[in-house]
Amino acid sequence: MNSKSIKVPSSKYRLPKCRICGDYDLYTFLKLGSMPIPNGFIPQNDLDKKEFFFPLNVCVCKKCFLVSLTHVIPPEIMFKNYLYIPSTSQTVLSHFEEFSKSVYKEYSLNNKELVVDIGSNDGTLLSGFKKLGTQILGVDPAENIVKDAVSRGIPTVCEFFTSKKTKFLSSKYGKAKIICGTNVIAHIDDIHDVFEGVNNWLDDEGVFIMEAPYLMDLIEKNEFDTIYHEHLSYFSIKPLKLLFEKHNFKIIDIKKFPIHGGSIRVFVAKNNSHHKIKENVANFLIEEEAKGLHEIATYEDFALRVVKVKKNLINFVKKIRKNGKTIAGYGAAAKGNVMLNSSKINNSQIDFIVDSIKHKQGKYTPGTHIKILKEDALLKKMPDYTIILAWNFAQEIIVKNQEYIKRGGRFIIPVPNLEII
Ligand code: JHZ
């Protein structure tokens, strides 16, 4: 923090009760400190403007075991002008291609049926369904990104998804056979309203499909930096099942994917629909219980490991800077900003970060003010070490940067435990 930093008091934006079951017994197990919103990249001209720092703590509900942030920053602050774009990563493109193809096949979709995507971003997922021939419609509040999506031929309504709006959308566009929500349900505070909306819009035999990072992976692999202001909830199956039951839905299937450090794809249908519940749904619940996701001690142990991971990175950075070596970052990911801010590593230790997203290039990272450059800066500047802040794409990044390694550059992966490649 510096003289331009404004710390938002902890009394503001507090989560009053569990978002799913409404219980008040919330146990805060990890405090990452105050930091700016993680996608709040700063243009050079704004560097001397005020920067707001919001608390970043995480708690678990002792009744239903939903993990949530203790504070809820208004969505207008985070999502109206958004800089996260999935289509820049080959890993994400392949993942979404598999998504559309497998869903199209499994639910025997046809060219009359409508697929809706909540938080459709630049339309990457919907473009797969479009190619397969279904009707498509995106709903997303980010004005800058919706413009891009529409110009690429992805019809998109620029709105937050609310139950009130779904009544109108459903009558205008017809019932949806599939409604998707990938990496978006965790971003919404009033999830009960979302499922009221899904109920309004979804065909009686339709399927809602959500995808989100899985709490089990987050805990087991020390992925603490995926905890940030945008992600209000960290899902496991037990609280999700309760949420869906409250809205007369049933979970019919769950699949696991390695994307974003480990994600679950949860398939949900109306209680009265013909869809049968697959056996694996019960297995998820059994495994969560067995692995301690319903015990406070599991969360306390995780918090202790987080302290270790941060300490290892801080000590490593100090040591190599002391030896006169240079360090860069790879991927100005939101999670990277959590890693840097919570470890208090800034532009005095990291010289620059490279990133493939055009909108991020030339800007500075929130809180730590490290300049973001194009990916080709890595070979031009040849830093001795490069921390892969977008560690979820480490494989893709290492494969395409063999020349950097050949010339003596070394990659660092900070989680689950610091690793030098
Ligand atoms: P990436 C996002 O988090 C945002 P973030 C969101 N809140 C969410 O829920 C999670 O994903 C799941 C760059 N990069 O995707 C691009 C390269 O430069 O991990 C991105 O800026 N070169 C919706 O922001 C960043 O890394 C490459 O070759 O943590 C990755 O960000 C590749 C592959 C990526 O998301």
Side-chain angles (χ1 to χ4, degrees), residues 35-41 56 69 73 75 78-79 82-96 117-122 124-125 140-142 145 180-188 210-215 217-218 223-235 257-265 328-342 352-366 370 372-379 386-402 404 411 413-415:
M35 62 187 80
I37 53 167
N39 274 311
F41 295 95
L56 187 60
L69 289 190
I73 313 304
M78 292 190 283
F79 301 119
Y82 199 47
L83 293 178
Y84 172 72
I85 295 172
S87 61
T88 55
S89 146
Q90 197 43 53
T91 312
V92 174
L93 291 176
S94 314
H95 178 77
F96 281 150
D117 190 18
I118 307 174
S120 49
N121 201 288
D122 64 350
T124 303
L125 177 59
D140 197 292
I145 294 176
C180 313
T182 61
N183 296 312
V184 69
I185 304 302
H187 300 58
I188 302 174
M210 70 170 266
E211 205 171 279
Y214 188 28
L215 179 69
D217 289 285
L218 187 155
E223 295 166 350
F224 75 93
D225 50 351
T226 58
I227 296 172
Y228 51 81
H229 305 99
E230 282 178 20
H231 297 162
L232 303 176
S233 308
Y234 301 84
F235 291 120
F257 293 89
I259 196 136
H260 294 307
S263 296
I264 36 172
R265 187 179 295 167
Y330 207 113
K335 63 176 75 61
N337 289 328
V338 176
M339 179 67 76
L340 297 171
N341 277 296
S342 69
F352 62 94
I353 295 175
V354 295
D355 196 282
S356 57
I357 297 183
K358 198 173 77 230
H359 309 278
K360 292 185 185 179
Q361 292 159 3
K363 295 198 170 73
Y364 289 76
T365 52
I370 302 165
I372 301 162
L373 304 175
K374 286 188 192 158
E375 284 176 296
D376 62 5
L378 198 70
L379 283 185
T386 299
I387 304 172
I388 303 187
L389 295 164
W391 47 257
N392 46 327
F393 297 124
Q395 186 63 15
E396 184 175 340
I397 289 169
I398 291 168
V399 166
K400 74 180 190 191
N401 286 286
Q402 286 300 307
Y404 170 68
F411 279 118
I413 303 180
V415 295

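Counting convention: from 1, in listed order, for ligands and their atoms alike. Note that the numbering runs from 1 along the sequence shown for the chain.
For the side chain to side chain contact (heavy atoms under 4.5 Å, CB included) test, residues two or more places apart in sequence or in another chain that qualify with Glu396 are Ser89, Gln90, Thr91, Phe393. Not counting sequence neighbours, Lys360 has no partner by the side chain to side chain donor-acceptor pair (under 3.5 Å) test. Here Asn183 pairs with nothing under the side chain to side chain donor-acceptor pair (under 3.5 Å) rule; sequence neighbours left out.
Using modelled atom types, one finds no donor on one side chain facing an acceptor on the other under 3.5 Å when comparing Tyr330 with Asp355.
Taking CG of Leu232 as the start and CD1 of Ile227 as the end, the distance is 12.5 Å to the nearest 0.5 Å.
Between Asp225 and Leu218, every side-chain heavy-atom pair lies at or beyond the 4.5 Å cut-off.
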Would you mind listing each N/O atom of ligand 1 next to any protein N/O under 3.5 Å, plus the distance?
| residue | atom | partner | partner atom | Å |
| --- | --- | --- | --- | --- |
| ligand 1 | 3 (O) | Tyr228 | OH | 2.7 |
| ligand 1 | 7 (N) | Tyr82 | OH | 3.4 |
| ligand 1 | 7 (N) | His187 | NE2 | 3.0 |
| ligand 1 | 7 (N) | Tyr228 | OH | 3.3 |
| ligand 1 | 7 (N) | Glu230 | OE1 | 2.7 |
| ligand 1 | 7 (N) | His231 | NE2 | 3.1 |
| ligand 1 | 9 (O) | His187 | NE2 | 3.4 |
| ligand 1 | 9 (O) | His231 | NE2 | 2.8 |
| ligand 1 | 18 (O) | Ser356 | N | 2.7 |
| ligand 1 | 18 (O) | Ser356 | OG | 3.3 |
| ligand 1 | 19 (O) | Lys335 | NZ | 2.6 |
| ligand 1 | 19 (O) | Asn392 | OD1 | 3.3 |
| ligand 1 | 19 (O) | Asn392 | ND2 | 2.8 |
| ligand 1 | 21 (O) | Asp355 | OD1 | 3.2 |
| ligand 1 | 21 (O) | Asp355 | OD2 | 2.6 |
| ligand 1 | 21 (O) | Lys360 | NZ | 2.7 |
| ligand 1 | 22 (N) | Glu375 | OE2 | 2.8 |
| ligand 1 | 24 (O) | Ala334 | N | 2.8 |
| ligand 1 | 28 (O) | Lys400 | NZ | 2.5 |
| ligand 1 | 29 (O) | Ala334 | N | 3.3 |
| ligand 1 | 29 (O) | Lys335 | N | 3.2 |
| ligand 1 | 29 (O) | Lys335 | NZ | 2.8 |

